[in-house]
Amino acid sequence: MKKKLNQLANGCRMIFGYGIMVVTFAGGLTFLGFLAALVIGGDAAAAICAVIRNHVFPVIVYATTCLILLGLISMYLKGEKALTPDSEDDDFQKEKR
């Protein structure tokens, strides 16, 4: 059972990694779209910005949210505790002692 959970966690982690790479690239493309709109100017620029804001950004935000959930599920299945404070590895605690 543990082996199957580990395989599932590795699959989730791979999807998470590639997915985050894709949405980061898509975010960079939106920057290029805004840059192109700045160069073009006028009504065409307003239309480009409206399309990016109304159609592209919601998809990127939704995809990123789903991918982060997938990454958290992967961490949970592997038993990682990256989002919890660990007193043994905390540099601040070591300095206090």
Side-chain angles (χ1 to χ4, degrees):
M1 181 73 177
K2 187 168 180 147
K3 185 177 179 182
K4 291 213 183 245
L5 285 178
N6 198 15
Q7 289 175 345
L8 180 63
N10 287 339
C12 288
R13 182 164 294 189
M14 185 171 37
I15 294 169
F16 167 75
Y18 284 121
I20 290 295
M21 182 179 63
V22 168
V23 294
T24 302
F25 182 72
L29 289 179
T30 60
F31 168 74
L32 292 177
F34 283 125
L35 192 62
L38 184 65
V39 170
I40 293 170
D43 292 335
I48 291 171
C49 291
V51 166
I52 291 172
R53 179 178 168 262
N54 295 328
H55 298 290
V56 178
F57 276 165
V59 172
I60 291 174
V61 169
Y62 181 75
T64 304
T65 304
C66 292
L67 288 167
I68 288 173
L69 179 64
L70 197 61
L72 289 172
I73 289 171
S74 169
M75 288 174 54
Y76 175 76
L77 290 175
K78 279 216 173 235
E80 295 176 1
K81 296 180 180 175
L83 298 177
T84 58
D86 189 12
S87 62
E88 294 174 7
D89 293 333
D90 192 7
D91 291 335
F92 179 71
Q93 293 292 336
K94 288 180 183 177
E95 291 176 6
K96 248 175 107 173
R97 292 180 192 163

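Below, each value reflects all heavy atoms present in this structure, side chains not excepted, and no hydrogens, waters or symmetry copies.
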With sequence neighbours left out, which residue pairs that include part of [range] fulfil the salt bridge (Lys or Arg N to Asp or Glu O under 4.0 Å) condition?
| range | value |
| --- | --- |
| residues 41-70 | none |
| residues 7-36 | Arg13-Glu80 |
| residues 17-29 | none |

Open item on the list: Could you measure the distance from the CD atom of Gln7 to the CG atom of Leu5? Nearest 0.5 Å is fine.
Closed with: 9.5 Å
Name each donor-acceptor pair under 3.5 Å that joins a side chain in residues 63-70 to protein atoms two or more places apart or in another chain, with its distance.
{"from": "Thr64", "atom 1": "OG1", "to": "Ile60", "atom 2": "O", "distance (Å)": "2.7"}
{"from": "Thr65", "atom 1": "OG1", "to": "Val61", "atom 2": "O", "distance (Å)": "2.8"}

Open item on the list: I'd like to know if Met14 and Met75 are part of one continuous hydrophobic network [Ile/Leu/Val/Met/Phe/Trp/Tyr, side-chain heavy atoms within less than 4.5 Å].
Closed with: no
Under 3.5 Å, which donor-acceptor pairs link side chains of residues 17-42 to any protein atom two or more places apart or in another chain?
{"from": "Thr24", "atom 1": "OG1", "to": "Ile20", "atom 2": "O", "distance (Å)": "2.7"}
{"from": "Thr30", "atom 1": "OG1", "to": "Gly27", "atom 2": "O", "distance (Å)": "2.4"}

Task: Ser74 side-chain N/O to Cys12 backbone N/O, donor-acceptor pair under 3.5 Å - done: no
Task: Side chain proximity check, Lys78 to Asn10, heavy atoms < 4.5 angstrom - done: yes
